Amino acid sequence: MPHNHPESAERPRDFIREIVAADVAAGLHGGRVHTRFPPEPNGYLHIGHAKSICLNFGIAREFGGKCNLRFDDTNPATEETEYVDAIQDDIRWLGFEWDELHFASDYFDQLYEWACVLINKGLAYVDSQTLEEIRSQRGTLTEPGRESPHRNRSPGENLDLFQRMKAGEFPDGAHVLRAKIDMASAHLIMRDPVMYRIRHAPHHRTGDKWCIYPMYDFTHGQSDAIEKVTHSICTLEFENHHPLYDWFIENLEIFPSQQYEFARLNLTYTVMSKRKLLELVRENRVTGWDDPRMPTLCGLRRRGYTPEAIRNLCAQVGVTKFNSLTDMVVLENALRNDLNKRAERRMAVLRPLKVVITNYPDGETEQLEAINNPEDESAGKRSVPFSKVLYIERDDFMEDPPKKFFRLGPGREVRLRYAYFITCQEAIKDDSGEIVELHCTYDPATRGGDAPDGRKVKGTLHWVSAEHALDAEVRLYDHLLKVESLGDVGEDEDWKDALNPNSLETLTGCKLEPSLADVQPGTSIQFERLGYFTPDSVDHTADKPVFNRSVTLKDAWAKIQKKQG
RNA sequence: UGCCCGGUGGUGUAACGGUAGCACGAAUGACUCUGGAUCAUUUAGUCUAGGUUCAAAUCCUAGCCGGGCAACCA
């Protein structure tokens, strides 16, 4: 069976795209492809949603089709306009634009009519039992359920009751509209599922118009049908709903949208449940939905992640029905790969150690030329001031260095990047024995960083001139969780005990090279040898710079230490 | 115990009855004014047992393991 899609040969393929391609080839719906992304506006989008967004919008783009954004807003208790706005911002930021914007709540009138259709067909009835009664009759995994005493009410009676439910004659919970399917079905979901419940609650869009609200199952497929969605792609937990999805469409005789399920994205060391993320926000475990430790799109954005990196991750993980757990390093690598090509380099010292160049003239300053991005010549060059007193990273000096430590130690010579070779002559300590300052000498002949005699050094350090340095706060982020997966947490334990207590480390008194004064939020910069950083979009000001670490650079020395340590 | 869906190196995936491939990780080496990047090499896999077939990761059967389902949530 040959594949005749040469135009799509290089695209990432997956089982859903193959189905779509086959449907197009077969001329289904005239070859039209229409998808939708259907978030519930009860929280912010996270990177798991990004996978769904890339899939749905990506397929539409690749097959010349359309993709709608539809808010699945059938539960007035949890949904808010704040989320509606944020979700749209995040989708656009990720790089996608919808063809049509819809709200399931726009279909409430149509849905009500369709409920009446089912009542008239004898396929739906009003049940007046309590929630507990209905629950107790549902049966178990192995035993069939029992039929409600109201199951055989006449269509006329049902219609009357349903209209009065809508008219607001009854309090919450007094009645419910149920589909009349099969209380003995092996599919629990088919045991007369609830279609409508009474909720005297204002809705973020329809206000007080309704006091009955349709359930997800009685909304989603029909919304797809109304919009003539050809491929309704959702995550695995809706697989069980598939027969019901089809049942409503068939019995209503409406457009036959087809549902397909794929596995949601799971990442190590983080949580992807909206409920849990909301818990972190409400309990102030994080500063908000956009806390840079959060896996939300706004959190990742503030952290310094780029849309490209997130889209690349989604392409790399693929689309399957296998319930997988993707290593966080894949995401981190996607960011490094993107930023390595684009981010300009600067020097910044996070934990400063003072260095005095004893043989350098007092009061002199010279400008040294530095390359902005070795991966991109068009990024040009800049000058960096050098003077007698500098800062280097505390980690770059060891009093008693092991063999594999290539940096500074007593009597050792290293290169200061773009500047000079220096040799450590003396480490000055305070009364408590802590090293407070290094005295070094420099070799004037090595200006720029090369020795005319061909002498080599093992290490190159970043540095900042003390006199010219900018003071800054730098926030270092680590995993939200200290365990790979919440699946490792026992059911009797509080999942929040798995939160990493060291997920944020705030450093003050960091020293930046002066050119960093101009960096605007939204820009990613590599601090050489340290990682990629970005000004914090909330707290950064020119007077008081605040940088977030997006991701570290790969660190071979740290790896050696870890292996030996 | 019922129903639905899955199981390919450490991780994520490809192979559509015909050479088990790719990426990430890991390891080694080269190069390097970032212990970054880059380049090269290596590592390691079809859940099990039967069956069909010239040929099975792929089809069939059974088992094992994992996920989901008993909200008036989505």
Side-chain angles (χ1 to χ4, degrees), chain A residues 1-3 12-15 18 38-40 42 72-75 77-79 127 130-131 134-136 138-145 172-173 175-178 185-191 193-199 212-213 215-217 219-220 234-243 261 263 268 274-275 313 316-327 329-330 332-334 336-337 340-341 345 347 370-371 374-375 404-407 415-419 421 446 448-450 456-462 487 526-531 552-560:
Chain A
M1 221 170 274
H3 282 201
R13 302 294 295 191
D14 54 68
F15 80 100
E18 283 179 5
E40 183 189 10
N42 68 345
D72 228 323
D73 54 349
T74 59
N75 184 357
T78 57
E79 295 155 5
D127 197 342
T130 64
L131 193 156
I134 291 175
R135 196 173 281 168
S136 71
R138 191 143 19 227
T140 67
L141 295 178
T142 51
E143 299 158 26
D172 287 5
H175 306 280
V176 95
L177 184 71
R178 291 227 260 170
S185 174
H187 297 271
L188 261 32
I189 197 91
M190 300 299 270
R191 321 245 258 226
V194 172
M195 293 162 56
Y196 268 92
R197 77 284 213 189
I198 301 172
R199 281 281 175 282
I212 56 171
Y213 291 94
M215 302 287 291
Y216 166 86
D217 286 306
T219 304
H220 202 92
C234 61
T235 45
L236 248 30
E237 65 269 27
F238 295 102
E239 255 179 329
N240 290 314
H241 299 240
H242 200 138
E261 307 90 7
T268 55
K274 271 203 270 187
R275 203 202 89 232
L313 170 87
Q316 282 174 58
V317 298
V319 180
T320 68
K321 301 191 77 154
F322 179 65
N323 219 309
S324 60
L325 178 62
T326 297
D327 201 317
V329 302
V330 180
E332 294 173 346
N333 253 302
R336 291 189 187 104
N337 282 333
N340 177 48
K341 290 174 298 192
R345 274 61 167 171
M347 291 197 285
I371 294 166
E375 305 289 319
K404 288 193 172 173
F405 186 80
F406 300 154
R407 293 125 68 157
R415 171 170 39 235
L416 293 180
R417 178 139 234 229
Y418 300 123
F421 286 11
T446 58
D450 281 306
K456 298 287 182 195
V457 287
K458 291 283 266 187
T460 299
L461 310 187
H462 61 277
Q526 184 193 107
F527 289 177
E528 292 220 24
R529 303 209 302 134
L530 297 173
T552 60
L553 250 30
K554 285 188 189 170
D555 188 344
W557 169 239
K559 204 180 278 183
I560 291 167

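All values below were derived from every heavy atom in this structure, side-chain atoms included, with hydrogens, water molecules and symmetry-related copies excluded. Note that this is a predicted model, so its numbers are computed, not measured. Letters A, B, ... are given to chains in the order of the sequence lines, protein chains preceding strands, and every chain is numbered from 1.
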Aromatic plane relationship, A:F238 with A:H241 - under 30° parallel, 30 to 60° tilted, over 60° perpendicular = perpendicular
Any chance you could measure A:R178, atom CZ, to A:R191, atom CZ, to the nearest 0.5 Å?
-> 11.0 Å
Measure from the side-chain heavy atoms of A:F322 and tell me the nearest of B:rG12, B:rC5, B:rA74.
-> B:rG12
Kindly say whether A:E40 contributes a backbone atom to a donor-acceptor pair with the side chain of A:K274 at under 3.5 angstrom?
-> yes
Distance-only, no hydrogens or angles: does the A:R417 side chain make a donor-acceptor pair with backbone N or O of A:A370 under 3.5 Å?
-> no
Near-parallel close stack of A:F406 and B:rG35 base (under 5.5 Å, under 30°) = yes
Examine the base of B:rG35 for any acceptor or donor lying under 3.5 Å from a partner atom in the side chain of A:R407, and report the outcome as yes or no.
-> yes
Ignoring backbone atoms, test whether A:R529 places a side-chain nitrogen or oxygen under 4.0 Å from the OP1 or OP2 oxygen of B:rG35.
-> yes
Side chain of A:H187 - closest among B:rG36, B:rA14, B:rC3 | B:rC3
Could you check whether A:N340 gets within reach of a base, just the sugar-phosphate, or nothing at all, counting any heavy atom under 4.0 Å?
-> base
Any strand: nucleotide that pairs with B:rC3 via Watson-Crick or wobble, under 3.5 Å = B:rG68
Have a look at A:A186 and say if it touches a base, only the backbone sugar-phosphate, or nothing, with a 4.0 Å heavy-atom cut-off.
-> base
Check whether any side-chain N or O of A:R345 sits under 3.5 Å from a backbone N or O of A:E528 as a donor-acceptor pair, and report yes or no.
-> no
Would you tell me if any nitrogen or oxygen in the side chain of A:N240 comes within less than 4.0 Å of OP1 or OP2 on B:rC5?
-> no
Which whole number of Å gives the distance between the P atom of B:rU41 and that of B:rU53?
-> 43 Å
Rounded distance in Å between the C1' positions of B:rC73 and B:rG66 | 25 Å
If you look at every strand shown and take non-hydrogen atoms under 4.0 Å, does A:D450 touch a base, only sugar-phosphate, or nothing?
-> base
Check whether any side-chain nitrogen or oxygen of A:R191 sits under 4.0 Å from OP1 or OP2 of B:rA70, and answer yes or no.
-> no
Taking a pair to mean Watson-Crick or G-U wobble geometry with both distances below 3.5 Å, B:rU11 pairs with B:rA23
Any sub-3.5 Å donor-acceptor pair from A:T78's side-chain atoms to A:N42's backbone N or O?
-> no
Check: A:D327 side chain, B:rG25 base, donor-acceptor under 3.5 Å = no
Would you mind telling me which of B:rG36, B:rG6, B:rC72 lies closest to the side-chain atoms of A:R135?
-> B:rC72
Please answer whether the main-chain N or O of A:T326 pairs with a side-chain N or O of A:S324 as donor and acceptor at a distance below 3.5 Å.
-> no
Check whether any side-chain N or O of A:R197 sits under 4.0 Å from OP1 or OP2 of B:rA74, and answer yes or no.
-> yes
For B:rG6, does either OP1 or OP2 sit under 4.0 Å from a side-chain N or O belonging to A:T320?
-> no
Which is true for A:T74 with a 4.0 Å heavy-atom rule: it touches a base, it touches only sugar-phosphate, or it touches nothing?
-> sugar-phosphate
If B:rA40 has a Watson-Crick or G-U wobble mate with both distances under 3.5 Å, name it; if not, just say none.
-> B:rU28
Does a side-chain N or O from A:K559 land closer than 4.0 Å to OP1 or OP2 of B:rA26, or not?
-> yes
Span that lies between the C1' atom of B:rC69 and that of B:rU1, in whole angstrom = 15 Å
If you check every side-chain atom of A:R199, which of B:rC72, B:rG25, B:rG36 has the closest atom?
-> B:rC72
Which of the following nucleotides, B:rG36, B:rG35, B:rG2, is nearest to the side chain of A:L553?
-> B:rG36
Find the distance between CD (A:E79) and CG (A:D73) and round it off to the nearest 0.5 Å.
-> 5.5 Å
Taking atom C1' in both B:rA70 and B:rA20, compute the distance separating them and give it to the nearest angstrom.
-> 42 Å
Of the candidate nucleotides B:rG35, B:rC72, B:rA74, which contains the atom at the shortest distance from the side chain of A:V176?
-> B:rC72
Do any side-chain nitrogens or oxygens of A:T140 fall under 4.0 Å of OP1 or OP2 in B:rG2?
-> no
For the base of B:rU34, is there a side-chain donor-acceptor partner from A:Q526 under 3.5 Å away?
-> yes
Between the base of B:rA74 and the side chain of A:H241, is there any donor-acceptor pair under 3.5 Å?
-> yes
Starting from the 5' end of RNA chain B, give me the residue, A:N337 or A:A419, whose nearest nucleotide shows up first.
-> A:A419
Now, which nucleotide makes the Watson-Crick or G-U wobble pair with B:rG35, with each of the two distances under 3.5 Å?
-> none
Is there a Watson-Crick or G-U wobble partner for B:rA56 with both distances under 3.5 Å, and which nucleotide is it?
-> none
P gap between B:rC39 and B:rG25, integer Å = 13 Å
Give one of base, sugar-phosphate or nothing for A:Y213, where a contact means two heavy atoms less than 4.0 Å apart.
-> nothing
May I ask which nucleotide in the shown strands pairs with B:rU61, Watson-Crick or G-U wobble, both distances under 3.5 Å?
-> B:rA49
What distance do A:R197 atom CZ and A:T74 atom OG1 have between them, rounded to the nearest 0.5 Å?
-> 5.5 Å
Select base, sugar-phosphate, or nothing to describe what A:T552 touches, counting heavy atoms under 4.0 Å on all strands.
-> nothing
Any A:K554 side-chain N or O less than 4.0 Å from OP1/OP2 of B:rA37 | yes
A:L131 near the nucleic acid: base, sugar-phosphate alone, or nothing, with a heavy-atom cut-off under 4.0 Å?
-> base
Would you say A:R138 reaches B:rC72's phosphate, i.e. side-chain N/O to OP1/OP2 under 4.0 Å?
-> yes
Separation between the C1' atoms of B:rA49 and B:rC65, rounded to whole Å = 15 Å
B:rC5 to B:rG9 separation - C1' atoms, rounded to the nearest Å = 24 Å
Syn or anti for B:rA71 (syn when the glycosidic angle lies within 90° of 0) = syn
Nearest-nucleotide 5' precedence on RNA chain B, A:E239 against A:A263 | A:E239
Pairwise P distance, B:rG6 and B:rA62 [rounded to whole Å] = 16 Å
